Amino acid sequence: MRAHLRTSLAALLLSLSLALPALAVQPDEVLKDPAMEARAREISKELRCLVCQNQSIDDSNAPLARDLRVLVRQRLVAGDDNSGVLEYVTARYGDYVLLRPPFKASTYVLWIGPAVVLLLGGIGAALFLRGRQRAVAGGETAAPLTPEERQRLDRLLREDT
């Protein structure tokens, strides 16, 4: 009996966790045509919520995300294809609204920047390690203490004990 209850509870929790992302889209937003609604959901997953941190408008509960979802559905009902809807929204809000920005001159930093930073970090680490290996291999050691430094060190060690 307990095992059956646990299994039922686990199934309920799993189904609730799978349904959570769909909660953002309100019933009054959903189009009657299932094919067109599927297209709207697909497009909504490509568009960034302008209020949230890196969340699609399909997942966001923000009022602006709702407005964008409604706009997407209006454009689809007006007869736009998927790329036409994305172009319309991009023309209004810029490339920032796209979760996958296009590869063009204004977005080169987004696409290439992380690789350049990683490459520069790797070169810096390699140079540091190579210099360290040379110092160890060359037998570089610290300069010996002068007699004044030795006396001062001895005095400090005596004071410390």
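Only a predicted model underlies this, so the values are computations on that prediction, with no experimental measurement involved. Numbers here are sequence positions counted from 1.
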For [X], side-chain hydrogen bond (donor to acceptor under 3.5 Å, both in side chains) partners two or more places apart:
X: Glu42; answer: none
X: Arg73; answer: Glu37
X: Asp154; answer: none
X: Asp33; answer: none

CA sep, side-chain torsions, deciding dist, call: Gln74, Val70, side-chain contact (heavy atoms from CB on, under 4.5 Å): CA-CA 6 Å; Gln74 287 172 346; Val70 169; 3.7 Å; yes
Co-members of Leu157 in a cluster of I, L, V, M, F, W and Y side chains, linked at under 4.5 Å: Leu145, Leu153
Quick check: closest heavy atoms across [X] and [Y], and the distance to 0.1 Å?
X: Cys49; Y: Ala62; result: SG-CB, 4.0 Å
X: Thr90; Y: Leu86; result: OG1-O, 2.6 Å
X: Glu149; Y: Pro144; result: OE1-O, 4.3 Å

Listed partners of Lys32 passing salt bridge (charged side-chain N to carboxylate O under 4.0 Å, His left out), at least two apart: none
Residue list, salt bridge (charged side-chain N to carboxylate O under 4.0 Å, His left out) with Arg75, at least two apart or on another chain: Asp80
If you round to the nearest 0.5 Å, how far is [atom2] of [Y] from [atom1] of [X]?
X: Leu64; Y: Cys52; atom1: CG; atom2: SG; value: 8.5 Å
X: Ile43; Y: Ser83; atom1: CD1; atom2: OG; value: 8.5 Å
X: Arg158; Y: Leu156; atom1: CZ; atom2: CG; value: 9.5 Å

Enclosure of Gln53 CD (heavy-atom neighbours >12, cutoff 6.0 Å): no
Heavy-atom side-chain proximity of Leu47 to Tyr93 below 4.5 angstrom: no
ILVMFWY network linking Leu68 to Val77, side-chain heavy atoms under 4.5 angstrom: yes
Cluster overlap Val25 with Ile57, hydrophobic side-chain contacts below 4.5 Å: no
Result of checking Leu71, Val85, Asp81 against Leu76 for side-chain contact (heavy atoms from CB on, under 4.5 Å): Val85
With sequence neighbours excluded, residues passing side-chain contact (heavy atoms from CB on, under 4.5 Å) with Ala38: none
side-chain contact (heavy atoms from CB on, under 4.5 Å) involving Glu148 - partner list, sequence neighbours excluded: Thr146
Cut-off 3.5 Å, no hydrogens considered: what does the side-chain donor-acceptor table look like for residues 97-126, sequence neighbours left out?
from: Arg100; atom 1: NE; to: Glu46; atom 2: OE1; distance (Å): 3.3
from: Arg100; atom 1: NH2; to: Glu46; atom 2: OE1; distance (Å): 2.7
from: Arg100; atom 1: NH2; to: Glu46; atom 2: OE2; distance (Å): 2.7
from: Lys104; atom 1: NZ; to: Asp95; atom 2: OD2; distance (Å): 2.8
from: Thr107; atom 1: OG1; to: Pro102; atom 2: O; distance (Å): 2.4
from: Thr107; atom 1: OG1; to: Lys104; atom 2: N; distance (Å): 3.0
from: Thr107; atom 1: OG1; to: Lys104; atom 2: O; distance (Å): 3.1
from: Trp111; atom 1: NE1; to: Pro101; atom 2: O; distance (Å): 3.2
from: Trp111; atom 1: NE1; to: Pro102; atom 2: O; distance (Å): 3.4

With Phe128 via ring-ring contact (aromatic ring centres under 6.0 Å, His included) - residues at least two apart: none
Side chain Arg69, main chain Ser60, donor-acceptor under 3.5 Å: yes
Under 3.5 Å donor-acceptor, Arg41 side chain and Asp58 backbone: no
